[in-house]
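Beneath this line is the structure, given in structure tokens, with notes to follow.
Values below: all heavy atoms of this structure, side chains included; hydrogens, waters and symmetry mates excluded. Each residue takes its place number in the sequence, starting with 1.
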Amino acid sequence: MAFRLTKVLYSDNLALRKWCYNLAGFNRYGLMRDDCLYENDDVIEAMRRLPPEVLDERTFRMLRAAQYSGMKRLLPKDQWTKFEEDVLYLTPIVDQVIRERLEREKWEEEY
């Protein structure tokens, strides 16, 4: 469900964005939007470019979410990721990796 709501999260209506963000449910496990990206080759390359401390934080969030999901419990409400605190830490790097890949593919076609 989180993936179907991502287009709404970028709309102009702030109240609707917050509602959809909370409806998605990943924040109840302490995850951020970029933690839920499908890990294809571009995302893996972007994660390789992350600073070690950011990658460690991501790994901690993912492990904690897996543990709580396995226990069929949610984090305490004060530990949920809030809409205002959720930053896109990986998406700009993924966009850059995609642009580089497309440029490389275009260059290889021409030369």
Quiz item: So, the side chain of Thr81 versus the backbone of Leu31: is there a donor-acceptor pair under 3.5 Å, distance only?
Solution: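 Such a contact is found between Thr81 side chain and Leu31 backbone.
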Residues 57-67, side-chain donor-acceptor partners within the protein, below 3.5 Å, at least two apart:
| residue | atom | partner | partner atom | Å |
| --- | --- | --- | --- | --- |
| Arg58 | NE | Tyr89 | OH | 3.2 |
| Arg58 | NH2 | Glu39 | OE2 | 3.4 |
| Thr59 | OG1 | Leu55 | O | 2.9 |
| Arg61 | NE | Asp35 | OD2 | 2.7 |
| Arg61 | NH2 | Asp35 | OD1 | 3.1 |
| Arg61 | NH2 | Tyr89 | OH | 3.4 |

Quiz item: More than 12 foreign heavy atoms under 6.0 Å from CG of Asn40: is that the case here?
Solution: yes
To the nearest 0.5 angstrom, please state how far the [atom1] atom of [X] sits from the [atom2] atom of [Y].
X     : Y     : atom1 : atom2 : result
Leu14 : Phe83 : CG    : CZ    : 5.5 Å
Asn27 : Met32 : CG    : CE    : 11.0 Å
Ser69 : Leu75 : OG    : CG    : 11.0 Å

Quiz item: Pro51: what forms a side-chain contact (heavy atoms from CB on, under 4.5 Å) with it, not counting sequence neighbours?
Solution: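 Counting only residues at least two positions away or on another chain, Pro51 forms a side-chain contact (heavy atoms from CB on, under 4.5 Å) with Glu53, Val54.
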Exercise. May I have all residue pairs that pass salt bridge (charged side-chain N to carboxylate O under 4.0 Å, His left out) and include part of residues 72-88, sequence neighbours excluded?
Key: Lys18-Glu84, Arg33-Asp86
I'd like a table of donor-acceptor pairs (distance under 3.5 Å, sequence neighbours excluded) in which one partner is a side-chain atom from residues 92-107, with atom names and distances.
| residue | atom | partner | partner atom | Å |
| --- | --- | --- | --- | --- |
| Gln96 | NE2 | Glu100 | OE2 | 3.2 |
| Glu100 | OE1 | Arg49 | NH1 | 3.2 |
| Glu100 | OE1 | Arg49 | NH2 | 2.7 |
| Glu100 | OE2 | Arg49 | NH1 | 3.4 |
| Arg101 | NE | Asp42 | OD1 | 3.0 |
| Arg101 | NE | Asp42 | OD2 | 3.2 |
| Arg101 | NH1 | Glu105 | OE2 | 3.4 |
| Arg101 | NH2 | Asp42 | OD2 | 3.0 |

Quiz prompt | For Thr91 against Leu37, the heavy-atom pair lying closest together | solution =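 Taking every non-hydrogen atom into account, OG1-CD1, 4.5 Å.
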Exercise. Check whether the ring centres of Tyr68 and Tyr29 lie less than 6.0 Å apart, and answer yes or no.
Key: no
